[in-house]
Amino acid sequence: MQDKALALIGAEVGEGASDPGCKWGARALRERGLAEFLARPERPAGWSSMVRARSAQSAAERLDAVAAFSSRLAQAVTRALRRGDLPVVIGGDHSCAVGTWSAVAQAHRPGGPIGLIWVDAHLDAHTPATSHTQAPHGMPVAALLGHGASALAGLYGWLGKIRPEHLVIVGARSYEAGEKALLERLGVRIMYMPEVQRRGFGACMEEAMQRVRRATSAWGLSFDLDALDPVDAPGTGTPVESGIGLQAALDALRDCARQPGCAALELVEYNPAHDVDGRTALASFALLDAATPSSTAPLQRLVA
Ligand SMILES: [Mn+2]
């Protein structure tokens with residue numbers, strides 16, 4: 001059986017964050033050999049695009065730069081989808097999610113809405129009205145739900161790329177009242193970290209998968225490395241204590257990869273300047289290996 005080729009897309013954007021270091025995350029993983037690591041005989045993997053945001057200083061410039069970047073990233077994702085590949089977007093700060101999931105929602109629109117699992121220490125659901133920093137990487141969830149800056153939310157000329165009932169956020173433990181209020185008003189299912197610790201990440205992801213597959217045409221996963229415990233992933237944009245353990249994440253992502261209907265994957269917020277002994281790079285490799293569906297069992301790969 002032939003698996004979909006993995007189209008790795010580098011999202012070179014750091015303008016969405018206060019520390020722009022994540023801009024160079026995709027390039028660093030590329031230079032470490034990510035594509036070669038993920039490629040298998042029956043499932044090619046290669047970098048299909050590197051999309052870079054123009055640099056920006058002021059809050060207004062940054063929002064403009066991220067909006068322009070989002071539509072270019074969306075074009076790269078669309079090209080991969082049209083080829084029949086599985087887009088795997090590598091960040092970059094999390095503002096890249098606007099381009100990624102707008103493109104996937106647009107491509108699937110005739111067939112129905114898409115579901116999205118958002119694994120993150122944060123809610124990323126600010127609007128310019130609630131954000132203290134005005135940093136666009138704190139806004140992609142709100143934008144995808146159709147709220148906040150129209151330059152982000154209005155890609156392709158329509159709002160609500162993800163419906164609230166088709167979104168699940170897992171691992172949140174650092175957030176502000178304004179974004180939490182928006183998500184609760186919309187009825188988004190949020191599994192905060194105490195629930196993840198009580199039930200286990202695997203059980204939470206199983207429930208999340210059921211929810212995002214219910215009445216949708218496809219599902220996607222956006223994984224922010226800051227969801228992991230900083231011990232396993234110190235090199236992220238905004239580390240937060242008491243996160244998900246790497247092993248639990250790998251086990252759960254392997255289960256996710258068995259579910260049919262994966263539309264795209266995204267791994268974001270790798271900041272090579274903050275990495276320690278390449279630990280976060282290796283975690284990124286392992287997470288992507290676990291999350292990419294392949295008809296070859298791991299054991300067969302070892303034997304081969
Ligand atoms: Mn995030």
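Counting starts at 1 for both ligands and their atoms, following the listed order.
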Arg54, Arg52, Lys23 screened by salt bridge (Lys or Arg N to Asp or Glu O under 4.0 Å) with Glu12, the one that passes: Arg52

Metal proximity, Asp120 vs the Mn ion (ligand 1), N/O/S cut-off 2.8 Å: yes

Which N, O or S atom of Asp224 lies nearest to the Mn ion (ligand 1), by name: OD2

salt_bridge(Arg40, Asp289) N-O dist < 4.0 Å: yes

For the Mn ion (ligand 1), the closest N/O/S atom belonging to Asp124: OD2

Partner of Arg189 under side chain to side chain donor-acceptor pair (under 3.5 Å), chosen from His166, Glu207, Glu165: Glu207

Inter-residue atom distance His147.NE2 - His126.NE2, 0.5 Å rounding: 15.0 Å

Shortest-distance N/O/S atom, His94 versus the Mn ion (ligand 1): ND1

